[in-house]
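Let me begin by presenting the structure, written as structure tokens, before commenting on it.
Quantities reported herein were computed from a predicted structural model and do not represent experimental measurements. We use all heavy atoms of the structure for the numbers below, so side chains are in, but hydrogens, waters and symmetry mates are not.
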Amino acid sequence: MISCKLRELRKSKGITQVRLAEMLGVTQSAVTNWEKGKSVPDYENQQKLADIYGISIDELLGREAPIKEKGIKIPVLGRVQAGIPVEAIEEIIDYEEISTEMSRQGEYFGLIVRGDSMSPVMTDGDTVIIKKQDDCENGDIAVILVNGNDATVKKIRKGPTGITLIPINTAYDYMTYSNNDIETLPVSIIGKVVELRRKF
């Protein structure tokens, strides 16, 4: 019970009820009532008591502190190639953590951005978190494989005649592929960029 806990904590610190009341700015009778279980300190005084005893409010009230759910580690890759599942790629550079809730929404991996075609939003060496999916909406930033070679990160614009990969850096040209190119090269979307993580 909180009353017993409050009494034990006060005695463990060698503080009298009178002294504790002075520290809190309350009457001694208020402290006495708390320790007898006749009343409970309000939130402000709970916080003050927790600070005095160097514990959390959960500990003060005898509650177990909520256990922080561990995140899920995903691999960060230097490159992605066609036909090789992410889980089979050996070139894992690092790992990033995503929340368990996020991991329930699909499969994710990280990819190191190469070059400056997406600058200034994404720069060389940044890590992007990608949700694996084979299609995206217009305007999404996606990871695309062309010719089965290394992946490129670009903004997507789809139309009835094909797909255009749009760099953010205006020094680079758009890359447009017809429906025939998409089938024969091939050109394939392997995921959508959902987050950018930059280390300094």
Test log, rule side chain to side chain contact (heavy atoms under 4.5 Å, CB included), inputs V187 and N147: CA-CA 7 Å; V187 178; N147 294 321; over 6 Å; no
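- At a threshold of 4.5 Å between non-hydrogen side-chain atoms, the residues E195 and M102 count as touching.
- Scanning all heavy atoms of the two residues, the minimum distance from S39 to A30 falls at OG-O, 4.5 Å.
- No more than 12 heavy atoms of other residues, nucleotides or ligands lie within 6.0 Å of CG in D134, so this atom counts as exposed by the packing criterion.
- Residues T164 and M175 are not in side-chain contact: their nearest non-hydrogen atoms beyond the backbone lie 4.5 Å or more apart.
- Between the side chain of D116 and the backbone N or O of S119 there is no donor-acceptor pair closer than 3.5 Å.
- Across all non-hydrogen atoms, the minimal contact from L60 to A50 is CD2-N, 4.3 Å.
- Minimum interatomic distance between I156 and L165 (heavy atoms only, all atoms of both residues): CD1-CD2, 3.7 Å.
- The salt bridge (Lys or Arg N to Asp or Glu O under 4.0 Å) contacts involving residues 18-33 comprise R19-E22, where partners must be two or more places apart or lie in separate chains.
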Derivation and outcome, side chain to side chain donor-acceptor pair (under 3.5 Å), residues D51 and Q47: CA-CA 6 Å; D51 291 341; Q47 187 63 66; 3.2 Å; yes
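- A continuous path of hydrophobic side-chain contacts links I52 to I2 [ILVMFWY only; heavy atoms under 4.5 Å].
- Atom CG of N180 sits about 8.0 Å away from atom CG of L185, to the nearest 0.5 Å.
- Applying the salt bridge (Lys or Arg N to Asp or Glu O under 4.0 Å) test to pairs two or more places apart or on separate chains, those with a residue in residues 25-35 are R10-E35.
- At least one donor-acceptor pair closer than 3.5 Å links the side chain of N33 to the backbone N or O of S29.
- The two residues P120 and I168 come nearest to each other via the heavy atoms CD-CG2, 4.2 Å.
- Residue I166 belongs to a hydrophobic cluster whose other members are Y174, with links defined by side-chain heavy atoms closer than 4.5 Å.
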Candidate pair I93 and L77, rule side chain to side chain contact (heavy atoms under 4.5 Å, CB included), full reasoning: CA-CA 6 Å; I93 294 174; L77 311 172; over 6 Å; no
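- In this structure, K73 contributes its side chain and I98 its backbone to no donor-acceptor pair below 3.5 Å.
- In this structure the side chain of M23 reaches within 4.5 angstrom of the side chain of I15, judged on heavy atoms.
- Within the model, atoms CG of D58 and CG of L61 stand 7.0 Å from one another, a figure rounded to the nearest 0.5 Å.
- Without hydrogens or angle criteria, D181 side chain to P186 main chain gives no donor-acceptor distance under 3.5 Å.
- A donor-acceptor pair is defined here as one N or O able to donate and one able to accept, closer than 3.5 Å; no such pair exists between the side chain of Q28 and the backbone of V18.
- L20 has its side chain out of reach of W34: every pair of non-hydrogen atoms, C-beta onward, lies at least 4.5 Å apart.
- Between I72 and S103, the shortest heavy-atom distance links the atoms CG1-OG, 3.6 Å.
- Annotation for F109 and I190: closest pair CZ-CD1, 4.4 Å, computed over non-hydrogen atoms.
- With values rounded to the nearest 0.5 angstrom, C4 atom SG is found 13.0 Å from K36 atom NZ.
- Looking at residues two or more places apart in sequence or on another chain, you find a salt bridge (charged side-chain N to carboxylate O under 4.0 Å, His left out) between K48 and E44.
- Under the 3.5 Å distance criterion, with hydrogens and angles disregarded, a donor-acceptor pair is assigned to the side chains of K154 and S117.
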Tell me which donor-acceptor pairs under 3.5 Å the side chains of residues 121-129 have, and how far apart each pair is, sequence neighbours excluded?
from, atom 1, to, atom 2, distance (Å)
T123, OG1, D126, OD1, 3.4
T123, OG1, D126, OD2, 3.2
D124, OD1, G115, N, 2.6
D126, OD1, R198, NE, 3.0
D126, OD2, T123, N, 2.8
D126, OD2, R198, NE, 3.0
D126, OD2, R198, NH2, 2.7

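- At a threshold of 4.5 Å between side-chain heavy atoms, the hydrophobic network of Ile, Leu, Val, Met, Phe, Trp and Tyr places I92 and I130 in one connected group.
- Of the charged side-chain nitrogens involved, none lies within less than 4.0 Å of a carboxylate oxygen, so that E107 and K131 do not count as a salt-bridged pair.
- V26 and Y53 fall within the same hydrophobic cluster, defined by Ile, Leu, Val, Met, Phe, Trp and Tyr side-chain heavy atoms under 4.5 Å apart, directly or through other members.
- Remark: Q46 CD to S56 OG distance equals 11.0 Å, nearest 0.5 Å.
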Under 3.5 Å, which donor-acceptor pairs link side chains of residues 135-144 to any protein atom two or more places apart or in another chain?
from, atom 1, to, atom 2, distance (Å)
D135, OD1, K158, NZ, 2.9
D135, OD2, K158, NZ, 3.4
N138, OD1, K158, N, 2.4
N138, ND2, K158, O, 3.4
D140, OD2, E137, N, 2.9

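- A 4.5 Å side-chain heavy-atom check between L111 and V76 finds every atom pair outside the cut-off.
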